[in-house]
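What you see is a predicted model, and the numbers here were worked out from it, not measured in a lab.
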Amino acid sequence: MILMIISIIWAIYIFFKESDGQGWGLLVAFALIGFAVVFFIVDLLLKKFVKNWKKILLIESGIVFLLFGWYQYQNRPLIFELPKNFSKDYVTVIYNVDNQKEFGINAFTWRKKLKVPEDGIILTSSGISENLPQTDFKTFEGEYFNSNKNQKMFIELTASEFEQNGNKYKFRTWRIGEGEFMVSTSKDYDKYKSELKKIFVKKASR
């Protein structure tokens with residue numbers, strides 16, 4: 001019942017926040033209302049078929065624990081920590097690079113923090129599929145991007161690849177910046193990709 005009430009209050013909050021009728025927030029609000037209905041039905045069924053209130057409390061606590069665990073697992077973050085006074089517009093991870101450190105991400109990894117070098121390019125021997133469901137960026141001082149507390153933003157660009165010495169290297173790139181909105185054009189991205197290959201050759205040869 002507590003979850004039902006929280007879901008309804010949260011849905012109402014989102015409805016008022018998205019009063020212009022735009023954005024994905026409204027879909028979340030409808031989903032929360034759906035969850036509230038499910039929680040209400042489950043509570044009624046338990047009270048009808050289980051007469052012992054202690055058993056009801058135990059079952060409902062188990063359900064809440066499983067839902068919380070599932071939510072946490074689906075939102076495991078990969079956190080990129082930027083160096084002090086970071087001035088680059090892009091952060092890139094290049095995968096399957098020989099003699100580089102693995103991420104060490106597996107099914108039991110709940111969070112992973114990676115320190116971004118000054119040039120914004122991380123080389124790893126891990127594959128591009130070795131990832132976590134969520135990605136976060138934070139500054140050297142601990143401020144998170146895409147937060148309501150600041151205007152620091154990041155967007156993930158289309159993953160791509162390039163060829164060097166007969167080997168193909170896949171990479172994933174994020175554009176970071178600050179302001180009310182951020183736009184990344186394909187022209188800017190293409191220019192960055194051509195520079196990226198040159199930087200990669202220098203880094204990989206060290």
## Note on the structure
Shortest non-hydrogen pair, L132 vs P77, comes out as CD1-O, 3.2 Å

### Query
Are there more than 12 heavy atoms of other residues, nucleotides or ligands under 6.0 Å from atom CG of N106?
yes

### Query
What distance separates L123 CG from N96 CG, expressed to the nearest 0.5 Å?
11.5 Å

### Query
Do side-chain atoms of K138 reach the backbone of I79 as a donor and acceptor pair under 3.5 angstrom?
no

### Query
Is there a side-chain contact between M4 and D43, using heavy atoms and a 4.5 Å cut-off?
no

### Message
Check for me whether K88 meets the cation-pi criterion with F86, that is, NZ or CZ under 6.0 Å from the six-membered ring centre and within 45 degrees of the ring axis.
### Response
no

### Message
Let me confirm one number: the CD-NZ distance from E118 to K115, rounded to the nearest 0.5 Å.
### Response
12.0 Å

### Query
Is there a salt bridge (Lys or Arg N to Asp or Glu O under 4.0 Å) between K187 and D190 once you walk through the steps?
CA-CA 5 Å; K187 185 178 180 180; D190 289 340; over 6 Å; no

### Message
When you measure from the side chain of K152 to the backbone of K149, do you find a donor-acceptor pair of N or O atoms at a distance under 3.5 Å?
### Response
no

### Query
Do the non-hydrogen side-chain atoms of L78 and N131 ever get within less than 4.5 Å of each other?
yes

#### Entry: Non-hydrogen atoms of A36 and S7 that approach each other most closely
CB-CB, 3.9 Å

### Query
K203 versus I121: any side-chain heavy-atom pair under 4.5 Å?
yes

### Task
May I ask you to test the E81-V116 pair for a side-chain heavy-atom distance under 4.5 Å?
no

### Task
Would you confirm whether N75, through its side chain, and Y71, through its main-chain N or O, come within 3.5 Å as a donor-acceptor pair?
yes

### S129 backbone acceptor or donor facing Y95 side chain under 3.5 Å
no

### Query
Are side-chain N/O atoms of T139 and E143 paired as donor and acceptor at under 3.5 Å?
no

### Query
If Ile, Leu, Val, Met, Phe, Trp and Tyr residues are connected whenever their side-chain heavy atoms lie under 4.5 Å apart, and connections chain through other members, are L44 and V42 in the same group?
yes

### Query
Taking everything shown except W70 itself, do over 12 heavy atoms lie less than 6.0 Å from its CH2?
no

### Query
Does the N146 side chain pair with the main chain of F154, one donor and one acceptor, at a distance under 3.5 Å?
yes

### Query
Below 4.5 Å, heavy atoms only, C-beta onward: do T124 and V97 meet side chain to side chain?
no

### Donor-acceptor pair, side chain of N52 and main chain of K54, under 3.5 angstrom
yes

### Query
With the threshold set at 4.0 Å, does a side-chain nitrogen-carboxylate oxygen contact exist between K168 and E163?
no

### Task
First locate atom OG of S160, then atom NZ of K170, and finally report the distance between them rounded to the nearest 0.5 Å.
10.5 Å

### Message
Between I176 and I155, is the side chain to side chain contact (heavy atoms under 4.5 Å, CB included) condition met? List the steps.
### Response
CA-CA 7 Å; I176 63 174; I155 55 173; over 6 Å; no

### Evaluation steps, side chain to side chain contact (heavy atoms under 4.5 Å, CB included), between Y189 and T173
CA-CA 9 Å; Y189 188 36; T173 299; 3.9 Å; yes

### Query
Got a sec, which residues hit side chain to side chain donor-acceptor pair (under 3.5 Å) with K197, two or more places apart in sequence or on another chain?
none

### Query
Does T92 reach the side chain of R172, with side-chain heavy atoms less than 4.5 Å apart?
no

### Query
Would you say F39 and I59 are hydrophobically clustered, going by side-chain heavy atoms of ILVMFWY under 4.5 Å?
yes

### Message
Classify the ring geometry of F162 against Y169: parallel below 30°, tilted from 30° to 60°, perpendicular beyond 60°.
### Response
tilted

### Message
Can a side-chain donor-acceptor contact be found between T185 and D188 if the only test is distance below 3.5 angstrom?
### Response
yes

### Task
Write down the atom of R175, the atom of Y90, and the distance for their closest heavy-atom approach.
CD-CE2, 3.6 Å

### Query
Transitively linked via ILVMFWY side-chain contacts under 4.5 Å: L3 with I41?
no

### Query
Does T109 offer a backbone N or O that forms a donor-acceptor pair with the side chain of R76 under 3.5 Å?
yes

### Query
If every non-hydrogen atom of G104 is compared with every non-hydrogen atom of S126, which pair is closest and at what distance?
N-OG, 4.4 Å

### Query
Donor-acceptor pair, D98 side chain versus S125 backbone, under 3.5 Å?
no

### Message
In this structure, is the centre-to-centre distance between the rings of F200 and F171 below 6.0 Å?
### Response
no

### Query
CD1/I8 to CG/L32 distance, rounded to the nearest 0.5 angstrom?
10.0 Å

### Joint cluster assignment, F103 & L82, ILVMFWY side-chain distance < 4.5 Å
yes

### Message
Could you check whether atom CD1 of I2 has more than 12 heavy atoms from other residues, nucleotides or ligands sitting under 6.0 Å from it?
### Response
no

### Task
Assess whether side chain to side chain contact (heavy atoms under 4.5 Å, CB included) is satisfied between F80 and V93, documenting all intermediate values.
CA-CA 10 Å; F80 291 97; V93 178; 3.7 Å; yes

### Task
Kindly compute the distance separating CD1 (I56) from NZ (K47), expressed to the nearest 0.5 Å.
7.0 Å

### Task
Measure the shortest side-chain to side-chain distance between I199 and D119 over non-hydrogen atoms and say whether it is less than 4.5 angstrom.
yes

### Side-chain donor or acceptor of E156 paired with backbone N/O of W174 under 3.5 Å
no

### Task
State yes or no: do L157 and F137 share one hydrophobic cluster built from I, L, V, M, F, W and Y residues joined by side-chain heavy-atom distances below 4.5 Å, directly or via other members?
no

